Amino acid sequence: MEVALLSFSSSLSPLCHNRTLTLTPNLSKPPNYPRFPVIRSAVSRSKKEETVETVKSHLENCHLLAAINYKGLTVKQFQDLRRTLPDTTKLVVAKNTLVFKAIEGTKWEALKPCMKGMNAWLFVQTDEIPSAIKPYRSFQKERKLEDNDFAGAVFEGKFYAPDNFKALETMPTRAEVYAKMLGALQSPAINLVSTLQAPAIEVIMVLKAYVKKLEDESNAA
């Protein structure tokens, strides 16, 4: 499409005649550059998938998973807390929806009542539960963080509400269980029956200890 802009004559030069200047507009489409929201969306989706995989990896060999209300905690407090934890305990901050996506359909799904509020997640990868919980309790007491309590936990597929945490914190240590169970195995049958009525994890621990004791005695002979 042509558009007439101007018509004029010139007497300054015999080479100049009446002319009509025209312009042809460029109707081609501008380059189709990528939109930034699309890039951000892809990065966000990738980050979420990475978080879910991180949670799943921490659940391997995990004995206890607990939720901690972290509302109000500063970055420095988180750093200080992580330094107090043993190598067998991991602290992860992740959205409830992503954590639930990772635990859905597993024994850890019993933690569903904790899927609200702002939570940090404590992954305990040892059967020494009391010693794994104690560092946070000490940190909480020293910093006077009464409101940042455990929101709940799952141990052996069972959900423990905050009011029931005492049972986890007072569990006997492995050494105490070994001593108790081995003593019972060497006692009359009635004591053995009582021992076998203990929680499954205690029975498993003592059986492992008893097998090891027999192996040691055999090797010594």
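Being a predicted model, the structure only gives us computed values, none of them experimental. In what follows, residues are counted from 1 in the order of the sequence shown.
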Rounded at 0.5 Å granularity, tell me how far [atom1] in [X] sits from [atom2] in [Y].
{"X": "K112", "Y": "E109", "atom1": "NZ", "atom2": "CD", "result": "6.5 Å"}
{"X": "K107", "Y": "L65", "atom1": "NZ", "atom2": "CG", "result": "10.5 Å"}
{"X": "E53", "Y": "K48", "atom1": "CD", "atom2": "NZ", "result": "15.0 Å"}
{"X": "T89", "Y": "L81", "atom1": "OG1", "atom2": "CG", "result": "10.0 Å"}
{"X": "F100", "Y": "L111", "atom1": "CZ", "atom2": "CG", "result": "9.5 Å"}
{"X": "L168", "Y": "K166", "atom1": "CG", "atom2": "NZ", "result": "11.5 Å"}

Hydrophobic cluster membership, [X] vs [Y], 4.5 Å side-chain cutoff:
{"X": "W108", "Y": "L98", "value": "no"}
{"X": "I103", "Y": "V92", "value": "yes"}
{"X": "V93", "Y": "Y136", "value": "yes"}
{"X": "F139", "Y": "I129", "value": "yes"}
{"X": "L59", "Y": "V124", "value": "no"}

Heavy-atom closest contact ([X] atom, [Y] atom, distance):
{"X": "A151", "Y": "C114", "result": "O-SG, 3.4 Å"}
{"X": "N148", "Y": "Q140", "result": "O-NE2, 3.3 Å"}
{"X": "Q125", "Y": "C62", "result": "CG-CA, 4.1 Å"}
{"X": "K116", "Y": "P113", "result": "CE-O, 3.5 Å"}
{"X": "A110", "Y": "G157", "result": "CB-O, 3.9 Å"}
{"X": "A120", "Y": "F78", "result": "CB-CE2, 4.0 Å"}

Subject >> F150 and Y160 aromatic centres sub-6.0 Å >> reply: no

Original post:
Is a side-chain donor-acceptor pair under 3.5 Å present for N119 with N96?
Top reply: yes

Sub-4.5 Å side-chain heavy-atom contact between [X] and [Y]:
{"X": "L91", "Y": "L85", "answer": "yes"}
{"X": "L64", "Y": "F123", "answer": "no"}
{"X": "P135", "Y": "P86", "answer": "yes"}

**OP:** Taking only Lys NZ, Arg NE, NH1 and NH2, and the carboxylate oxygens of Asp or Glu, determine whether E169 and R137 approach each other closer than 4.0 Å.
**Re:** yes

Subject >> Residue from K76, Q77, R82 passing side-chain hydrogen bond (donor to acceptor under 3.5 Å, both in side chains) with D80 >> reply: K76

Original post:
Is the side chain of W121 donor-acceptor paired with the backbone N or O of V99 at a distance under 3.5 Å, no angle test?
Top reply: no

Original post:
Does the N69 side chain pair with the main chain of K71, one donor and one acceptor, at a distance under 3.5 Å?
Top reply: yes

Original post:
Take atom NZ in K101; do more than 12 heavy atoms of anything else shown fall under 6.0 Å from it?
Top reply: no

